Student: 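Structure incoming, see below.
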Amino acid sequence: MHQMIQQHQTIPQTASAHEISEAERSEIVALTERLTGPENELIDTPQWLAAALDTSSSLPRTLLRTLRAFRHDPGPDGTLLLRNLPVVADAPLPATPAVPNSVERVPTVAASVVSSVMLQLGEVIAFRNEKSGHLVQNVVPVPGREESQSNAGSVLLELHIENAFHDNRPDYVGLLCIREDPTGDAKLCTSSIRRALPLLDADTRQVLAEPRFLTEPPPSFGTLDSVRSAHPILVGDPEDPNVLVDFAATHPLDDPAKVAMAALREAFVETMVGHRLRVGDLAVVDNRVAVHGRTSFTPRYDGADRWLERVYAHLDNRRSRVDRKGGGPVLG
Ligand SMILES: O=C(O)CCC(=O)C(=O)O
Ligand SMILES: [Fe+2]
């Protein structure tokens, strides 16, 4: 089941994307001035988040229209690729961090951009047990973590739904590229259940829709939550279901479930799209219909490695209120 995506496999490149024009890009840089600078000390404060929410409604009209349309219907791929977003103003980008659990604390242009865009899709959230609950997280390779099935690793990262084990997992994952992989090998891979479903036979779909699977939380979430109940992988309307699977953490509970899960993985791999993210590309993944992963690559830990900034959003703040102590954006 855990045979990996073949590195030599030719993965089709992204076709559809929304390109930000040069004029819009300048408009966005000007907007971020409201969120950066000495009067905006820290991202993780109610004041900054309120300012980011306010600023987000002034994003260029064509971008707002694209985001609203994606929220209405994530399309067959469940992924939206925005291109040519600004990530810096004048100052050069610092060296890529190479430490575990790296996050952005001080507002930057990139952090302001990814947060503002995600705030037009939903409410930005984080998890107390992941990157200490910081809202803007760095996705960078970390020395000594090469083999880990996390975003600090550089071996192939299996296709997954973000935080599949959590009842209040994000509805959207935003990944903004601020430094591209100098080797060009690292590709964000996405695939959707809308593309994969037609490749599955009726029996396989039926097994995947039954509670015959268990998903483990990552070790950082501790052991208390680790006994989860069995769940289906396909949830909702059998014609257009949501998908709930992490091929590194979801386990089939019987043989037919194992066979069905292998067929699903194969269908995802067959319909997968590879995104070689460039500086200013923001990939937004609808975490209900699309899975994502990453090809392997070779970091150099010289400050010039690939660097993405990640922000989560969900649609319903009331649904998660029980997990957000004090009503803030962090799920406990
Ligand atoms: O590195 C990537 O392209 C994706 C990493 C990932 O899955 C994540 O940060 O959630
Ligand atoms: Fe992920």
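Only a predicted model underlies this, so the values are computations on that prediction, with no experimental measurement involved. Counting starts at 1 for both ligands and their atoms, following the listed order.
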Student: Inside 2.8 Å of the Fe ion (ligand 2) but strictly below it, how many protein N/O/S atoms are present?
Tutor: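 The number of such protein atoms is 3.
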Student: Are the side chain of R179 and the backbone N or O of G303 linked by a donor-acceptor pair below 3.5 Å?
Tutor: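 Checked: pair present.
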Student: If we ignore angles and hydrogens, is there a donor and acceptor under 3.5 Å between the side chains of S191 and T271?
Tutor: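 Short answer, yes.
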Student: Is a side-chain donor or acceptor of N287 paired with a backbone partner of P170 at a separation under 3.5 angstrom?
Tutor: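 The answer is yes, because a donor-acceptor pair under 3.5 Å joins these two groups.
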Student: What short N/O contacts, under 3.5 Å, does ligand 1 make with the protein, listed by atom pair and distance?
Tutor:
unit_1: ligand 1; atom_1: 1 (O); unit_2: R306; atom_2: NH1; d: 2.8
unit_1: ligand 1; atom_1: 3 (O); unit_2: R306; atom_2: NH1; d: 3.4
unit_1: ligand 1; atom_1: 3 (O); unit_2: R306; atom_2: NH2; d: 2.7
unit_1: ligand 1; atom_1: 7 (O); unit_2: H160; atom_2: NE2; d: 3.1
unit_1: ligand 1; atom_1: 7 (O); unit_2: H292; atom_2: NE2; d: 3.1
unit_1: ligand 1; atom_1: 9 (O); unit_2: N151; atom_2: ND2; d: 3.0
unit_1: ligand 1; atom_1: 9 (O); unit_2: R310; atom_2: NH1; d: 3.1
unit_1: ligand 1; atom_1: 10 (O); unit_2: E162; atom_2: OE1; d: 3.0
unit_1: ligand 1; atom_1: 10 (O); unit_2: E162; atom_2: OE2; d: 3.3
unit_1: ligand 1; atom_1: 10 (O); unit_2: H292; atom_2: NE2; d: 3.3
unit_1: ligand 1; atom_1: 10 (O); unit_2: R310; atom_2: NH1; d: 2.9

Student: Are any of the side-chain nitrogens in R278 or E180 under 4.0 Å away from the carboxylate oxygens of its partner?
Tutor: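 The answer is yes: the pair qualifies as a salt bridge.
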Student: Starting from the C-alpha separation in whole Å, work towards a yes-or-no answer on side-chain hydrogen bond (donor to acceptor under 3.5 Å, both in side chains) for T79 and D77.
Tutor: CA-CA 5 Å; T79 301; D77 294 313; over 6 Å; no
Student: Checking side-chain hydrogen bond (donor to acceptor under 3.5 Å, both in side chains) for the pair Y172/E162: CA distance, chi angles, key distance, verdict?
Tutor: CA-CA 9 Å; Y172 300 103; E162 202 64 24; over 6 Å; no
Student: Using the six-membered ring wherever Trp is involved, compare the ring planes of H231 and F213 and label them parallel, tilted or perpendicular (cut-offs 30° and 60°).
Tutor: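 Ring orientation of H231 relative to F213: tilted.
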Student: Is there a donor in the side chain of H160 and an acceptor in the side chain of N163, or the other way round, less than 3.5 Å apart?
Tutor: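 Absent: no donor and acceptor within the cut-off.
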Student: Is the side chain of H275 donor-acceptor paired with the backbone N or O of L277 at a distance under 3.5 Å, no angle test?
Tutor: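 Side chain of H275 to backbone of L277: no pair is present.
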